[in-house]
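Sharing a structure, written as structure tokens. Questions coming.
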Amino acid sequence: MKKALTIAVGAAVLVIGGQGQASASADIFVGYGAGSEGYWTADPYRNLSGDTVMACDSNKDGWGVQAELDINPIPFSFSADRIASTRGHDSPYCDSESGNLKEDTPVALRVCLVKGSEKKCTLPKYGSA
């Protein structure tokens, strides 16, 4: 299920998550500078259902924000299985992708700035459903 959300600048952050597989979390926050964020939550958040990945952009800089979730990640081989993207939308804007995953499924989240064919990504942070 895909839901688009409009946000106000300075909206509250979900939950800050762990940085490595050893500290896997059900909630992950990854920022790419101020105003470019990605979130993962294994529990329903507000009116979103199931396990959700969300991208939020509050910068009017021409770059979109893409939150990419790798389900059952393989180290050093990131593969996006679920993507939320603000590409093509004026900021402030959030996009989300939801769908249930089996409990304790490992996940990795990274955030990318996207513009045309350009893509700049963070290192992934790890968690679980």
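The chain is numbered in sequence order, starting from 1.
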Pairs under 3.5 angstrom only: tabulate donor-acceptor contacts from the side chains of residues 73-84 to other protein residues two or more places apart or in another chain.
unit_1, atom_1, unit_2, atom_2, d
D81, OD2, I71, N, 2.7
R82, NH1, D51, O, 3.0
R82, NH1, G99, O, 3.0
R82, NH2, G99, O, 3.3

Legend entry - Test item: E118 and W63 side chains (from C-beta on) under 4.5 Å apart, heavy atoms: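 SC-SC contact between E118 and W63 confirmed.
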
Legend entry - Distance-minimising heavy-atom pair for Y93 and S85: CE2-O, 4.4 Å

Legend entry - Interatomic spacing from OG1 in T105 to CG in N100 - rounded to 0.5 Å: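 The OG1 atom of T105 sits 10.5 Å away from the CG atom of N100.
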
Inset, instruction - Give a yes or no on whether the backbone of G33 and the side-chain of S36 come within a donor-acceptor separation of less than 3.5 Å. - result: no

Inset, instruction - Determine the minimum heavy-atom distance between E37 and A34, stating which atoms define it. - result: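 The pair with the smallest heavy-atom distance is OE2-C, 4.2 Å.
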
Inset, instruction - Heavy atoms only: give me the nearest A67-G38 pair and the separation to one decimal. - result: CB-CA, 4.0 Å

Inset, instruction - Work out which heavy atom in P124 is nearest to a heavy atom in R110; give both atom names and the distance. - result: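 Heavy atoms only, the tightest pair is CA-CB, 4.1 Å.
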
Legend entry - Backbone of T52 reached by a side-chain donor or acceptor of T41 within 3.5 Å: no

Inset, instruction - Looking only at non-hydrogen atoms, find the nearest pair between K115 and G62 and report the distance. - result: CE-O, 3.5 Å

Inset, instruction - Would you check, one step at a time, whether the test side-chain contact (heavy atoms from CB on, under 4.5 Å) holds for V65 with L113? - result: CA-CA 5 Å; V65 176; L113 296 182; 4.2 Å; yes

Inset, instruction - May I ask you to decide if D90's main-chain N or O and K60's side chain share a donor-acceptor pair within less than 3.5 Å? - result: no

Inset, instruction - Is it possible for you to say whether V53 and Y32 belong to one hydrophobic cluster, with membership spreading through side-chain heavy-atom contacts below 4.5 Å? - result: yes

Inset, instruction - Measure the CD1-OH distance between I28 and Y39 for me, rounded to the nearest 0.5 Å. - result: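 Between atom CD1 of I28 and atom OH of Y39 there are 13.5 Å.
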
Legend entry - Side-chain donor/acceptor of D104 to backbone N/O of S128, under 3.5 Å: no

